[in-house]
Amino acid sequence: MSQYPFQEIEHRWQNYWANNSTYRVHDDFTKPKYYILDMFPYPSGAGLHIGHPEGYTATDIIARYKKMKGFNVLHPMGFDAFGLPTEQYSMKHGIHPYIATMNNVDNFKRQLNMLGFGYDWHREINTTDPAYYKWTQWMFLIIYNSWFDEALQKARPIEELPIPHDISSPADIEIYRDEHRLAFIDSIPVNWCEELGTVLANEEVDEWKEKGFTVERKPMRQWMLRITKYAQRLLDDLETVEWVTSTKEMQKNWIGKSQGAEIYFPVLGEEEKITVFTTRPDTLFGATYVVLAPEHPLVSLVTTDDNKHRIADYREKAAIKSDLERTELAKEKTGCFTGSYALNPATGKEVPIWIADYVLGHYGTGAVMAVPAHDDRDHEFAQQYNLPIVQVVAHVGHEISDENPIDLSKAAFTDDGVNIESENDEVSLNHLLTSQAKTKIIEWLENSGNGKGTIQYRLRDWLFSRQRYWGEPIPIIFFEDGTKRAMDYDELPLLLPELQEFKPSGTGESPLATVESWVQYYDKKTGKTGKIETNTMPQWAGSCWYYLRYIDPKNINRFCDEEKEKYWMGETGVDLYVGGTEHAVLHLLYARFWHKVLFDYGYVSTNEPFKKLFHQGMILAEDNRKMSKSLGNVVNPDDIVAQFGADALRVFEMFMGPLEAAKPWASKGVEGVFRFLNRVWRLFVDENGTLLSNVQDVPLTKEQEYVLHYTIKKISEDIENLSMNTAVAQMMIFVNEFTKADIRPLSALRDFIKILYPFAPHIAEELWHKLGNTDSLWFEEFPIYDESKLQKSEVEIIVQINSKIKAKCFIAVNATSDEMEASALALPDIAQLVEGKSIKKKIVVPGKLVNFIIG
RNA sequence: GCCCGGGUGGCGAAAUCGGCAGACGCACAGGACUUAAAAUCCUGGGACCGUAGAAGGUCGUGCGGGUUCAAGUCCCGCCCCGGGCACCA
């Protein structure tokens, strides 16, 4: 294959860009800004995956395009380098995570530069850099030193938290404050992984289980972030961003808002009431028993002596089960009667109190009223244990029982309908539709003091601590006298200690707990001695705010300068954020949460961090399966670049198909794109790389003008819409058209190079210089199309008889309907077909078609 | 089970304010160049019927209906694939 010298060209231009700091970004506030962001990579030992260049090329294209359109473009890159994989690798190979990280980062940077991306490396960030994680810790302290004002729906300083009058001692005030901080310590059942020696967030459990690790539930002391306080805002503000609908949906489902009611069931013979949460308060008259989660605090109170052993036994078994075992693996529902009864506040009837692990302790109130007639789970349980089933909702129009077609011995009736048998002395729901019954019963509950309407969220607080070494230390000191204090901002960063051994301590504590010299702390500010918190932050922490650090990465006084933040974040934040779907919920939800806390304090100027979000699809192996080492179907970017060059890889990944779609790799496809780049090369130069003599300063033909201006228009629009595949197709059409020309008009070729440049910057720069230019294309303007060149004097229309195409003809572009009809009828084929027939109907679409319906 | 996406040639895909289905590329076939090959260039192509060849005809965007002069595109009912959630009361 005779080929253009891509290796030489790519090396030359990469060196040129580096030596001339071509991509240096300046904070020029006079220009309109465009902030385009990639999800920064985790620098693994495996190096760049072939999927990485897909999103990165797309953003590189847009960044260059926007730059050429006159925007001041910020398109930065950095590394999310804390986290388990590096620490695992370090333990296995005995290399310090810091060294492993540096090596991996170097390799990633080499590969990113090899692909010709236009990053300003002066703005590189690394989450493991103390100068960076100082601010991660700072933001943690902002959160720690805050409470959430429900009335204002925003975070406020903890000092401003109103303290109830009956709390006066400093110790009690501190306890009260701790109960309201947005970062707090709790002892809760967590997902403990013995092999990893750490707890995992609920969201992370599946990922590690897939990798073959076991995860069990175990109560432990943990740091939590009160993200649930922001549930409503996180939900509402989704409406203000331009995100993929599926991702918005996922976040909505994850937050999981439910409207319903809390209802109080008095325990017979006790003062206490059981509060249940239900979304179907309209079925209250059908509640025939109450179920508590095994971990519910009232369980011991309501358990009668003769049931003690069985209940204790059941609770113990439930406690060690993971959520997974309590749900998917449990084919049959299990439960245990406590021996006590509660009163259904609507019917006044006694209903038995059970415990069962199908009721989750952490959702709602941890207790439910069971309505077996109208809930599948309650129905199953009632059948299992022979509990009464009472119907209170019927199909609309079938309120009279003998016409009622519902067979409750088989399944529950869970649809909306109309209430029956729902009446007491104070309220009747009978004949009301489900929605009306809900409103009415809530009204009654509130008036009678038996309950109230409420909203529940599925979202849980964020488990924020990890028992690992390779993460940000949590800057809290626990003193020997039992008090504690958060470090002040001027004491940050709290550095990770140098460590020889970073294996888990084995006690459930972080490896940091074994470093006496680091843990033991003499506090100069208070003169007290104590211990530093040994848990570290999860990997998500550093990525919660990195987009802000790019704005001012070297700032030592602030996470970023106020004015620069205002400029680059503007009215609506990052203009475009591109990354994989795998972060649709977690990273994007956590980052939004941190951003909102910062927003509450005025540290950032936008409500939401990312205005527009786009997910690139996965690149599959040639066999249509996921690429994996074990399948041996991995394609390495280094190999492709060595064989065909970075430009070919970039253009091919854009040409494969829609950016958002999952698509299989095709080695023949790269060759095709490589052939295209060679055709581009030969459009300009001969075998020796000398500019062809038939590239001349001549005017374009009408046809060439049309193709050129259509290409400019089409590709501009395609880039804006992220339709890179059709943009590449249009460049191919351009090259095919102009290759045909014996004399190639220089002006069109100049424009074409500028269009090609965002996609294939190396070959474009080389050809640009061969045309005698001395500066980089980075500083050129993107061509602008001329609408008048797109106007054709004649247009081809189709002529149909009975809606079938029978002929085509050219007509003047501004022809009237009558003229079109006359031209069509004048065609011999049409005249012949119409002859002797009556034309029943004529449809004329200007500039498109004429259709004769004949009989 | 629920919520999102998506089903178009041998393959990746274009085209959705309803108006020539299959742009562009891959693979394939034929030809030119060559001692030969590679590379390059040119030509062809949805399927079926038809014809010596052409002309011509029928069918065709997952399946079944519908609206319309006209449907890949709009409406109704299904099937299949991918992703997410899943005892959340």
Side-chain angles (χ1 to χ4, degrees), chain A residues 1-3 244-254 256-258 260-261 276-281 283 287 291 293 323-324 326-328 330 333 356-360 362-371 374-378 380-381 414 456-460 581-582 584-585 615 617-618 622 624 651-652 655-658 660-673 675-676 678-679 682 687 723 725-736 739-740 796-805 807-808 840-845 847-854:
Chain A
M1 202 187 269
S2 106
Q3 41 187 233
V244 190
T245 45
S246 61
T247 303
K248 282 193 190 184
E249 268 323 294
M250 273 196 245
Q251 292 221 343
K252 276 183 200 167
N253 292 340
W254 195 262
K257 181 177 181 175
S258 298
V276 304
F277 173 73
T278 178
T279 54
R280 292 293 303 273
T283 62
V291 190
D323 277 6
L324 192 77
R326 277 172 69 155
T327 58
E328 280 168 52
K333 292 203 170 17
D357 65 8
Y358 83 89
V359 174
L360 306 173
H362 52 69
Y363 180 77
T365 59
V368 301
M369 65 174 204
V371 186
H374 305 293
D375 182 280
D376 291 327
R377 297 149 302 182
D378 297 342
E380 195 190 323
F381 192 78
T414 59
Q456 282 292 334
Y457 298 93
R458 210 181 67 102
L459 183 70
R460 297 193 220 166
T581 342
E582 65 273 19
V585 178
H615 301 295
M618 205 188 316
E622 209 138 6
N624 243 307
V651 175
F652 175 62
F655 187 57
M656 290 173 81
E660 68 275 18
K663 336 161 248 284
W665 182 258
S667 36
K668 286 288 181 188
V670 197
E671 290 177 32
V673 165
R675 271 199 288 271
F676 162 67
N678 276 290
R679 281 205 305 277
R682 291 195 306 266
E687 288 164 5
S723 302
N725 53 334
T726 50
V728 175
Q730 187 58 37
M731 287 193 281
M732 289 172 171
I733 292 169
F734 178 95
V735 171
N736 291 345
T739 297
K740 282 191 290 194
E796 191 178 32
I797 62 164
I798 55 173
V799 183
Q800 297 176 322
I801 302 289
N802 291 343
S803 303
K804 300 216 168 182
I805 297 154
K808 297 171 187 178
K840 290 179 179 167
K841 194 174 175 182
K842 294 173 274 198
I843 295 112
V844 182
V845 182
K848 286 263 169 69
L849 62 80
V850 179
N851 186 5
F852 297 110
I853 309 302
I854 61 172

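Every chain is numbered from 1, with letters handed out A, B, ... down the list of sequences.
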Between the side-chain atoms of A:Lys842 and the base atoms of B:C69, is any donor-acceptor pair under 3.5 Å?
-> no
What is the nucleic acid contact for A:Gly364, judged by heavy atoms within less than 4.0 Å: base, sugar-phosphate only, or nothing?
-> nothing
OP1 or OP2 of B:A86 under 4.0 Å from side-chain N/O of A:Arg458 | yes
A:Gln800 vs A:Ala662, nearer the 5' end of RNA chain B by closest nucleotide = A:Ala662
Using a heavy-atom cut-off of under 4.0 Å over every strand shown, decide if A:Asn736 touches base, sugar-phosphate, or nothing.
-> sugar-phosphate
Using a cut-off of less than 4.0 Å, is there contact between a side-chain N or O of A:Arg682 and OP1 or OP2 of B:C41?
-> yes
So, is B:G9 syn or anti if syn means the angle is within 90° of 0?
-> syn
Donor/acceptor link under 3.5 angstrom from A:Lys841 side chain onto base of B:C69 | no
Geometric cation-pi criterion, A:Lys333 with A:Tyr358: 6.0 Å, 45° = yes
A:Arg675 side chain: which of B:A13, B:U40, B:A89 is closest?
-> B:U40
Among B:A21, B:C26, B:C4, the nucleotide that comes nearest once only the side chain of A:Glu249 is considered | B:C4
Under 4.0 angstrom, heavy atoms only, what part of the nucleic acid is A:Glu796 near: base, sugar-phosphate, or nothing?
-> base
Please list, chain by chain and in numerical order, all residues satisfying side-chain hydrogen bond (donor to acceptor under 3.5 Å, both in side chains) with A:Thr726, sequence neighbours excluded.
-> A:Asp718
